[in-house]
Protein chains: 2
Amino acid sequence: MSGYAAVLRHVEAELAAGRLTVGAQLPAERRLAEDLGVSRPTVREAIRVLQALGVVRSGVGSGPDAGTTVIADPAGGIAAALRLHLATRRLPMADLVATRALIEGAAVRAAARAPGHPDLDLAEDLLARMDEPGIDADTYHQLDADFHVALTRAAGNAVNTAVMTALRDAIHHTVLHAVASLPDWPRTAARLRREHRAVLRAVRAGDGERAAALVVRHIEGFHREWTRHVSPG
Amino acid sequence: MSGYAAVLRHVEAELAAGRLTVGAQLPAERRLAEDLGVSRPTVREAIRVLQALGVVRSGVGSGPDAGTTVIADPAGGIAAALRLHLATRRLPMADLVATRALIEGAAVRAAARAPGHPDLDLAEDLLARMDEPGIDADTYHQLDADFHVALTRAAGNAVNTAVMTALRDAIHHTVLHAVASLPDWPRTAARLRREHRAVLRAVRAGDGERAAALVVRHIEGFHREWTRHVSPG
DNA sequence: ACCAGCCCTGTGGTCAGACCACAGGAGGTG
DNA sequence: CACCTCCTGTGGTCTGACCACAGGGCTGGT
């Protein structure tokens, strides 16, 4: 067992045993190194990996934000992996969009069975903020992403939410670049907002099938639009 | 920009620009450190992260397996993240199973449109090997996992395959422990093999809807069975 | 001319010790 | 009582070193 893997295994075991929970602090790096009989750089390698996977967060100084804390950001880790593999061109963007449509379609279908979910109120609020005139594309897309995540979260499946968030995050920069070359962004944005509202309305009405169909069309339609204007151009 | 993040960003940029492709070698750690103006431990932190995300693989010594090579194992990185977050109890096993059923259901539905896909031949072969009498549970489950992955891959969506593989890998150890406490494993195994065959038959017959229904029932049924015998026990 | 063995070189893996910036908290000081 | 100052412990980084490893070239013998 290499030193680096030993640290990782140790932390995972502590988590699995419940001796380490979300919000708790890891021992200091120097302490951990001594306890496990490895050097501090080795400990740091393992902690960096945990950081990348969204399991811990590190902060310098003192106080509650300092030290290494256990968090739970599964989407962060998955998004990082997806983004890197997108860069290697081994994960085609089209497949990524298809998976997102699949998951989000299923999510809104499930969400329609709980039309009073608080996350739907949040989604409504986000839609209102997207309506503000003169909003810049960057802010718009952040709100757009948050809307889709809120919708998915309303379905109550944490894994779906994490994967969906990761998929959205992984393509965020790509989307930002793509919309910059669209011929008529305000017109597109207006259409997207209409589609958002239609999806949310269907969910609130309890019509899961309609909501799923609309959201899939929304996602695939937008994807077709920006690939058409960015790949050939 | 911290030193560690700079290395990560540099590698990602090289990948995105196509100057670094799958199969290529990263510069040696000492060289990379000098090029980027950081120390070797800092470079190592970044490489460890890339390793954990399934983007590179490192080997000591000389020859083709030595050095740090770019690979493409998106499932590995996602699986690591899922496994850790499963340990934190923030991703419920039930949600994970539900997502798997969703993706695999969609996959076999799509696979039924290409019933001659070579991965289906592989799946067939795996089923045959699962039929061998006296097979131990460990080998069985490896073949089982491979069968489901082959089935999913036949649908041709790389992201679905990666996520599906990751979901399966993340729970692999849990499943192994769970089946050990089942009252009648041979009987269960026989049923699972029957279900596998039925799914594959439906795919080959081009009946996507039936295949999807069968595979979802297969996954959820097995999950119900081992949670019933492990949680209360 | 051939071939078996040895060393050389470059790789990742690890360690030890040091210095830095940071931020809260304890203590002194007005 | 309020303010300020240092002290302490944290992660972030660097330097330089040693190790195990494995291929490739060299060297010696045949």
Side-chain angles (χ1 to χ4, degrees), chain A residues 1-12 14-15 20 22-71 73 76-77 80 84, chain B residues 1-12 14-15 20 22-71 73 76-77 80 84:
Chain A
M1 174 67 62
S2 72
Y4 147 77
V7 179
L8 226 44
R9 220 177 47 129
H10 173 257
V11 173
E12 183 170 359
E14 293 285 301
L15 286 171
L20 213 50
V22 173
Q25 296 270 333
L26 250 67
E29 294 177 357
R30 292 164 177 84
R31 176 70 194 278
L32 208 48
E34 194 183 358
D35 289 354
L36 300 179
V38 297
S39 70
R40 199 179 150 211
T42 299
V43 169
R44 283 182 60 76
E45 289 179 14
I47 290 184
R48 277 288 192 223
V49 168
L50 293 172
Q51 232 176 316
L53 295 179
V55 176
V56 304
R57 171 191 46 128
S58 293
V60 295
S62 316
D65 278 4
T68 301
T69 312
V70 178
I71 60 174
D73 178 25
L84 266 306
Chain B
M1 174 66 62
S2 72
Y4 147 77
V7 178
L8 226 43
R9 217 176 47 128
H10 172 257
V11 173
E12 183 171 358
E14 293 286 300
L15 285 170
L20 214 49
V22 173
Q25 297 270 333
L26 250 67
E29 294 177 356
R30 292 163 177 85
R31 175 69 194 277
L32 207 47
E34 193 183 0
D35 288 355
L36 299 179
V38 297
S39 70
R40 199 179 149 212
T42 299
V43 168
R44 283 183 59 76
E45 289 179 14
I47 289 184
R48 276 288 193 224
V49 169
L50 294 173
Q51 231 175 314
L53 295 179
V55 176
V56 303
R57 170 190 48 124
S58 293
V60 294
S62 314
D65 278 4
T68 301
T69 312
V70 178
I71 60 174
D73 178 26
L84 266 306

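The chains referred to below are lettered A, B, ... by the order of the sequence lines, with proteins before strands, and numbering in each begins at 1. Only a predicted model underlies this, so the values are computations on that prediction, with no experimental measurement involved. The figures that follow rest on heavy atoms only: side chains count, while hydrogens, waters and symmetry mates do not.
In this structure, Ala66(A) reaches neither bases nor backbone, as no heavy-atom distance under 4.0 Å exists between it and the strands shown. Contact annotation for Arg48(A): backbone-only contact, meaning every heavy-atom pair under 4.0 Å involves sugar-phosphate atoms and none involves a base.
Remark: P of dG11(D) and CD of Gln51(A) are 11 Å apart, rounded to the nearest angstrom. Across the protein-nucleic acid pair, Ile47(A) atom CD1 and dT10(D) atom P stand 12 Å apart, rounded to whole Å. Remark: P of dA16(C) and CZ of Arg44(A) are 16 Å apart, rounded to the nearest angstrom. The distance from atom CG of Leu36(A) to atom C1' of dT14(C) is 15 Å, rounded to the nearest whole Å. Straight-line distance from the OH atom of Tyr4(A) to the C1' atom of dC15(C): 18 Å, rounded to whole Å. A straight line from CD of Glu45(A) to C1' of dC15(C) spans 11 Å, rounded to a whole angstrom. Computed from coordinates, the Glu34(B) CD to dT15(D) C1' distance equals 14 Å when rounded to whole Å. We find that CG of Leu50(B) is positioned 13 Å from P of dG12(C), with the value rounded to whole Å.
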Show your working on side chain to side chain contact (heavy atoms under 4.5 Å, CB included) between Arg9(A) and Glu12(A) and close with a plain yes or no.
CA-CA 5 Å; Arg9(A) 220 177 47 129; Glu12(A) 183 170 359; 5.5 Å; no
Please step through side chain to side chain contact (heavy atoms under 4.5 Å, CB included) for the pair Glu45(B) and Ile47(A), ending with a clear verdict.
CA-CA 9 Å; Glu45(B) 289 179 14; Ile47(A) 290 184; over 6 Å; no
Let me see the working for Val43(A) and Leu36(A) under side chain to side chain contact (heavy atoms under 4.5 Å, CB included), right down to the final yes or no.
CA-CA 9 Å; Val43(A) 169; Leu36(A) 300 179; 5.5 Å; no
Using the rule given for side chain to side chain contact (heavy atoms under 4.5 Å, CB included), can you reason through Asp73(B) versus Arg57(B), listing the C-alpha separation, both sets of side-chain angles and the distance that settles it, and then say yes or no?
CA-CA 10 Å; Asp73(B) 178 26; Arg57(B) 170 190 48 124; over 6 Å; no
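Taking every heavy atom of both residues into account, Ala66(B) and Thr69(B) meet most closely at O-OG1, 4.2 Å.
Counting heavy atoms from C-beta outward, Leu53(A) and Leu53(B) have side chains that approach closer than 4.5 Å. Proximity of His10(B) to Asp35(B): side-chain heavy atoms (C-beta onward) are nowhere separated by under 4.5 Å.
Dashed line: the shortest gap from a side-chain N or O of Ser58(A) to OP1 or OP2 of dT10(D) is not under 4.0 Å. OP1 or OP2 of dC14(D) sits under 4.0 Å from a side-chain N or O of Thr42(B). Look at Arg30(A) and you won't find any side-chain N or O under 4.0 angstrom from OP1 or OP2 of dG9(D).
With hydrogens and angles ignored, a donor-acceptor pair under 3.5 angstrom links the side chain of Arg40(A) to the base of dG12(D).
Of the candidate nucleotides dT13(D), dG11(D), dT11(C), dG11(D) has the atom lying nearest to any side-chain atom of Ala28(A).
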What are the atom names and distances for every N/O pair under 3.5 Å that joins the protein to nucleotides 21-24 of chain C?
| unit_1 | atom_1 | unit_2 | atom_2 | d |
| --- | --- | --- | --- | --- |
| dA23(C) | N3 | Ser62(A) | OG | 3.0 |

